[in-house]
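Throughout, protein chains are lettered first and strands after them, A, B, ... in sequence-line order, and every chain is numbered starting at 1. Remember, predicted model here, so these are calculated numbers, not experimental data.
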Amino acid sequence: MAEIIVSRLDLPKEVVSKIGIAGPGFINFWLAEEQLSAVLPVILRAGSSYGRSSVGKGQPVNVEFVSANPTGPLHVGHGRQAAIGDAIAALLQWTGWKVTREFYYNDAGAQITNLGLSVQARIQQLRGRDAAIPEGGYHGDYVRDIAEQYLARHPEDPEGKDAPAVRRFAVQALREEQDHDLRAFGVKFDVYFLESSLYTSGKVEQTVKRLDDAGHTYEKEGASWLRTTDFGDDKDRVMRKSAGKGGEYTYFVPDVAYHWTKWERGFRRAINVQGADHHSTVTRVRVGLQALEVGIPQGYPEYVLHQIVTVMKGGEEVKISKRAGSYVTVRDLVDQVGQDAMRYFLLMRKADSHFVFDLDLATKQSEENPVYYVQYAHTRMAGILRTAGTTAGAVTADGVDLSLLTEADEQELMKHLAEFPTLVERAAENLEPHRVIAYLDDLARLANGWYHRHRVIGVGEAIEKARLVLVRAVQIVLANGLNLIGVTAPERM
RNA sequence: GCGCCGGUAGCUCAGUUGGAUAGAGCGUUGGCCUCCGGAGCCAAAGGUCGUGGGUUCGAAUCCCGCUCGGCGCACCA
């Protein structure tokens, strides 16, 4: 069979130099060496754009991530989400999508009430009175800090009696703190969407009305229900609690209202990055959108769920619990291991994998972080160009005989460089930024190995020129890949 | 009980959509600085890919059972 295929093939010799049959199901083609080196001028010409494509055709896509409740500082799980979400957004931009990075604040509801009550309790304690943090309240030190700040800024309310004012103040303070930490991590959002705006704009009411009109709701035991089982949910969901339970909407309603606004804002594609502990919301949000009957497709929005981050310190697990108040924050990690290493670490594993963040290793032995390996390969390429007396911008493939790059490891290196655009497309398509890390690690390994086996400078002008082109191409691809995942590509280290 | 996600080297994890002899980092062992930057390179040891079936010329990858671990199954968010 293979012999028949091979005998009927008629491929140009300058592209395929050799064809061979090897075992069951395999026909080997040997690419002519000149074909591989053809990628180098392409890379130099594209520069920082090498790897970009337009498969997204400029279509809008909304990427929602972090979306932490303003009830405490960001923890390491949010950090993982920030790294993954930002990298996915970048991958989509690189492949031609028009990306909006969005952060959703749950600034309404019971938890905010609890936050306010917690701060009020701390205010009482500061005044020397007995006061307990309420059930479901927040115990972290930051609550006391906020209490102190409130007293300092609001002399007109020394007892903290003005609950709405305390609540507003606490939410504002925590939002500022979260924004500050995200900036320190290098993440920027285009849109901050407030849950409370869904109430003030009437979107929540509109959503309820729409669900009623579509005939999917009913009253039972004093509560208002949505018949989500019509759309494949395993049980119906309460929309509005009974009077005895407070009579408010459950979080489910604003969630649906919120995602409806995404659709109405023109996002025919929406991606949510969330912790896997929230995966039960996936079905509910989708089902709720179906029940609106406004033409939203079943798989909307898409979800990237990441597993929980476990932080190890001193051989023991550090519990992550916002309610308990003792957990590792994004700020702690950025301060200790730096933005580059933290981004790289948090992206190394695919989102589906549990992630064990060894704080001791990441802090004490930060010099051995894998991120330095890749960055070092980049500075090494920069170093060669410096020693050669040229600059990155001055290197050109024009008039250079690239067919001199015949070493086996040079061929392999060029093959890898040529695969970068496909890698970016695949990573974007699958929403898997960790693939970029694996690629960069491979490329750095190939480049470092090649560097040690062959000299660039002082091996004859023609070969030196050809190898400088290769060096520059490697540098470009390393820089582009690092840039893509939010890690710097230093000229010197 | 039901659902989702995992189980790959001592440890932490990849594995390019089903291909050839399963890879990397860290750790262990042994080499390499007269040399463009040693945050580096080369080599060795280390594997029943949780387990039992199935599909296929071919399975870590796809299907089913079992098992272990994590998470989720509210008129909480």
For A/Ser353, answer base if it contacts any base atom (sugar-phosphate contacts may also be present), sugar-phosphate if it contacts only those atoms, and nothing otherwise; contact means non-hydrogen atoms under 4.0 Å. sugar-phosphate
NA contact type, A/Arg453, heavy-atom cut-off 4.0 Å: base, sugar-phosphate, or nothing? sugar-phosphate
Pick base, sugar-phosphate or nothing for A/Ala223, based on heavy-atom distances below 4.0 Å to the nucleic acid. base
With a 4.0 Å cut-off on heavy atoms, is A/Val356 in touch with a base, just the backbone sugar-phosphate, or nothing at all? sugar-phosphate
With both distances kept under 3.5 Å, what pairs with B/A60, Watson-Crick or G-U wobble? none
Whole-Å gap separating P (B/A74) and CZ (A/Arg237): 7 Å
Quick one: does A/Asp442's side chain have a donor or acceptor within less than 3.5 Å of a partner on A/Tyr439's backbone? no
Categorize A/Arg380 for me: base, sugar-phosphate, or nothing, with a 4.0 angstrom heavy-atom threshold over every strand shown. sugar-phosphate
Counting distance only, does the side-chain N/O of A/Gln375 pair as donor-acceptor with the main-chain N or O of A/Thr488 below 3.5 Å? yes
May I ask you to say what A/Glu429 touches in the nucleic acid, namely base, sugar-phosphate or nothing, with a heavy-atom cut-off under 4.0 Å? base
What nucleotide among B/U12, B/A39, B/C36 has an atom nearest to a side-chain atom of A/Tyr376? B/A39
Does any nucleotide pair with B/G47 by Watson-Crick or G-U wobble geometry, both distances under 3.5 Å, and what is it? none
Does the B/G3 base have a donor-acceptor partner in the side chain of A/His279 within less than 3.5 Å? yes
C1' gap between B/G15 and B/G47, integer Å: 14 Å
Who is the Watson-Crick or G-U wobble partner of B/C4, with both distances under 3.5 Å? B/G70
Separation of the P atoms in B/U51 and B/G7, to the nearest angstrom: 12 Å
Partner of A/Tyr258 under ring pair (Phe, Tyr, Trp, His ring centres under 6.0 Å), chosen from A/Phe252, A/Phe193, A/Tyr105, A/Tyr251: A/Phe193
Both A/Glu248 and A/Tyr373 contact RNA chain B. Which one's nearest nucleotide lies toward the 5' end? A/Tyr373
Donor-acceptor pair, distance only, cut-off 3.5 Å: does the side chain of A/Ser353 make one with the backbone of A/Arg349? no
Aromatic ring proximity, centroids under 6.0 angstrom, A/His216 and A/Phe231: yes
Rounded to whole Å, how long is the line connecting atom CE of A/Met348 with atom C1' of B/C11? 13 Å
Which nucleotide in B/C75, B/C73, B/C36 has an atom nearest any side-chain atom of A/Thr250: B/C75
Would you call B/U17 syn or anti, using the 90° rule around 0? syn
Which part of the nucleic acid does A/His306 contact within heavy-atom distance under 4.0 Å: base, sugar-phosphate only, or nothing? nothing
Mapping A/Ala388 and A/Ala438 onto RNA chain B by nearest heavy atom, which one lands closer to the 5' end? A/Ala438
Would you check if the distance from the ring center of A/Tyr104 to the ring center of A/Tyr192 is below 6.0 Å? no
Does B/G37 have OP1 or OP2 under 4.0 Å away from a side-chain N or O of A/Thr379? no
What is the pairing partner of B/G23, taking Watson-Crick or G-U wobble pairs with both distances under 3.5 Å in any strand? B/C13
Chi-based syn or anti call at B/C33, which uses purine or pyrimidine torsion atoms and a 90° bound: syn
From the set B/G25, B/A77, B/U17, return the single nucleotide nearest to any side-chain atom of A/Asn430. B/U17
Report the distance from atom CG of A/Leu440 to atom C1' of B/A24, rounded to the nearest whole Å. 14 Å
Taking the side chain as C-beta and beyond, is there a heavy-atom pair between A/Leu446 and A/Trp450 under 4.5 Å? no
For B/A44 and B/A22, measure between their P atoms and round to the nearest Å. 15 Å
Say we look at B/C4 and B/G65: how far apart would their P atoms be, to the nearest angstrom? 11 Å
Mind checking if A/Gly383 touches a base, just sugar-phosphate, or nothing, with heavy atoms under 4.0 Å? sugar-phosphate
Is it the case that the base of B/C75 and the side chain of A/Glu221 share a donor-acceptor contact (distance under 3.5 Å, atom types as modelled)? yes
What about A/Tyr372: does its side chain form a donor-acceptor pair under 3.5 Å with the base of B/A39? no
How long is the line joining CZ of A/Arg435 and P of B/G23, in whole Å? 19 Å
Whole-Å gap separating P (B/G70) and CZ (A/Arg349): 19 Å
Would you please confirm or rule out a distance under 4.0 Å between OP1 or OP2 of B/C36 and any side-chain N or O of A/His454? no
In whole angstroms, how far is the P atom of B/C71 from the CZ atom of A/Arg80? 14 Å
Let's test this: given Watson-Crick or G-U wobble pairing with both distances under 3.5 Å, identify the partner of B/U55. none
Whole-angstrom distance between B/U29 and B/C13, as gauged at atom P: 24 Å
By nearest atom, which of the nucleotides B/C36, B/C42, B/A39 is closest to the A/Tyr451 side chain? B/C36
Regarding A/His278, tell me which of base, sugar-phosphate or nothing describes its non-hydrogen contacts under 4.0 Å with the strands shown. base
Can you tell me the base-pairing partner of B/C35? Count Watson-Crick or G-U wobble geometry only, both distances below 3.5 Å, and say none if there is no partner. none
Consider the side chain of A/Asp277, meaning its heavy atoms from C-beta on, and name the nucleotide among B/C71, B/C75, B/A39 that approaches it most closely. B/C71
Main chain of A/Met239, side chain of A/Ser224: is a donor-acceptor contact present, judged purely on distance under 3.5 Å? no
Report the nucleotide, chosen from B/A77, B/A74, B/A14, that has the shortest atom-to-atom distance to any side-chain atom of A/Lys235. B/A74
Base, sugar-phosphate, or nothing for A/Arg467, non-hydrogen atoms under 4.0 angstrom? nothing
In whole Å, what separates the C1' atom of B/C76 from that of B/G19? 50 Å
How many Å lie between OH on A/Tyr344 and C1' on B/U12, as a whole number? 14 Å
Judged by atom type as modelled, is there a donor-acceptor pair below 3.5 Å linking the side chain of A/Tyr50 to the main-chain atoms of A/Leu417? yes
Using only side-chain N and O atoms of A/Lys245, determine if any of them is under 4.0 Å from OP1 or OP2 of B/A74. no
Can you tell me, in whole Å, how much space there is between the C1' of B/G50 and that of B/G6? 11 Å
Ignoring hydrogens and geometry, is there a side-chain-to-backbone donor-acceptor pair from A/Gln475 to A/Val471 under 3.5 Å? no
Rounded to whole angstroms, how far apart are CZ on A/Phe345 and P on B/A14? 14 Å
Please measure how far the C1' atom in B/U67 lies from the corresponding atom in B/G10, and state the result in whole Å. 23 Å
